[in-house]
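Below, each value reflects all heavy atoms present in this structure, side chains not excepted, and no hydrogens, waters or symmetry copies. Lettering of chains follows the sequences in order, A, B, ..., and the numbering in each one begins at 1.
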Protein chains: 2
Amino acid sequence: MELRQLRYFVAVAETGNISRAAQAIFLTQPALSRQIKALEGEIGRDLLERRANSVRLTAAGEVMLPVARELLQHAERLLQLVRGG
Amino acid sequence: MELRQLRYFVAVAETGNISRAAQAIFLTQPALSRQIKALEGEIGRDLLERRANSVRLTAAGEVMLPVARELLQHAERLLQLVRGG
DNA sequence: TCAAATTACGGTCGACGTAAGGATC
DNA sequence: GATCCTTACGTCGACCGTAATTTGA
């Protein structure tokens, strides 16, 4: 698991749509789809419930989202702290 | 910045020696040395003070170490939470 | 048929290992 | 000279984009 993948996951969760998320983070749909799959594989849980024209978070995804956001904010704070000091 | 690089940095900080850290995390000395350099480049601060037979943390490195540890623990908690739930 | 996701395939960039070089004790 | 760290160089894997396939409204 890497921060990059958490950023991807949060982007998808925020749009509820892999295509738009991909645009938002300047990536293609397949690339993003693959990374989410890889993340799910490593975690051992599905994070998205694939639907017709969109995706929804699974229970595991709902649990993950706020913690992933915290973690990314934590990483931002780390950078500010080390750079600022 | 990726979690992998933070894991590498913590390993180096814990041994005070790139060679031994590399052994501990099953990596070669050059690979580890490069990743630390890359991390320093991205952050914009030196993290290590290169000495004769070892390395020491710089001020920025000392600031970074505890936060990096927290962040990695945070990542572990995330995994446990998502897997356990 | 349209819009979304996935799978397949090829290319490119990055991380790694081996080997060589440099510095300090 | 021994033990570090770094630089150079080639390889392999990972991520990415394009194209093709699949699925559902």
> Rounded to whole angstroms, how far apart are CG on A:L48 and P on C:dA4?
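So the two atoms are 16 Å apart, to the nearest Å.
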> Report yes if at least one side-chain N or O of A:R4 is closer than 4.0 Å to OP1 or OP2 of D:dC15; otherwise report no.
yes
> Measure the spacing between CG of B:N17 and CD of B:Q29 and express it to the nearest 0.5 Å.
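Reported value, rounded in 0.5 Å steps: 8.0 Å.
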> Taking CD1 from A:I36 and P from C:dT7, how many angstroms apart are they, rounded to a whole number?
14 Å
> Grab the CG-P distance between B:L47 and D:dT6 for me, whole Å please.
12 Å
> Mind listing the N/O atom pairs, protein and nucleotides 19-24 of chain C, below 3.5 Å?
none

> Mind checking the OG1-CG spacing from A:T15 to A:L32? Nearest 0.5 Å is all I need.
8.0 Å
> Using a strict 4.0 Å threshold on nitrogen-to-oxygen distance, state whether A:R77 and A:E70 make a salt bridge.
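No, this pair does not count.
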> Are the side chains of B:R56 and B:R50 in contact, using a 4.5 Å heavy-atom criterion?
no
> With a cut-off of less than 4.0 Å, is there a side-chain N or O of B:S54 near OP1 or OP2 of D:dC4?
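Negative; the distance criterion is not met.
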> Look at A:R34 and C:dT6 and indicate whether a side-chain polar atom (N or O) is within less than 4.0 Å of OP1 or OP2.
no
> Residues of residues 7-19 of chain A with any non-hydrogen atom less than 4.0 angstrom from an atom of DNA chain C: list those, numerically ordered, please.
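By residue number: A:N17, A:I18, A:S19.
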> Given D:dT6, D:dG17, C:dT6, identify the nucleotide with an atom nearest to the side chain of A:R50.
C:dT6
> Let me know the distance between CD of B:E42 and P of C:dA15, rounded to the nearest Å.
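About 10 Å, once rounded to whole Å.
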> As an exercise, state the distance from CZ of A:F9 to CG of A:L72, rounded to the nearest 0.5 Å.
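A:F9 CZ to A:L72 CG: 10.5 Å, rounded to 0.5 Å.
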> Looking at C:dG14, I'd like to know if its phosphate oxygens (OP1 or OP2) sit under 4.0 Å from a side-chain N or O belonging to B:Q35.
no
> I'd like to know if A:E62 and A:R45 make a salt bridge, using a cut-off of under 4.0 Å between side-chain N and carboxylate O.
no
> Take B:T58 and B:E49 through the test side-chain hydrogen bond (donor to acceptor under 3.5 Å, both in side chains) and record every step on the way to the result.
CA-CA 6 Å; B:T58 61; B:E49 184 184 333; over 6 Å; no
> Look at A:E14 together with A:R69 and state whether they make a salt bridge at an N to O cut-off of under 4.0 Å.
yes
> Round to a whole Å and report the spacing from CG of B:L3 to P of C:dA15.
14 Å
> Could you tell me the separation between the CD atom of A:E2 and the P atom of D:dC16, rounded to a whole number of Å?
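Rounded to the whole Å, the gap is 12 Å.
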> Mind calculating the distance between CZ (B:R56) and P (D:dC4) to the nearest angstrom?
18 Å
> Is A:E42 salt-bridged to B:R83, cutoff N-O under 4.0 Å?
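A salt bridge is absent here (no side-chain N lies under 4.0 Å from a carboxylate O).
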> Give the rounded distance in Å between these two atoms: CD of A:E40 and P of C:dA5.
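Going from CD in A:E40 over to P in C:dA5 covers 13 Å.
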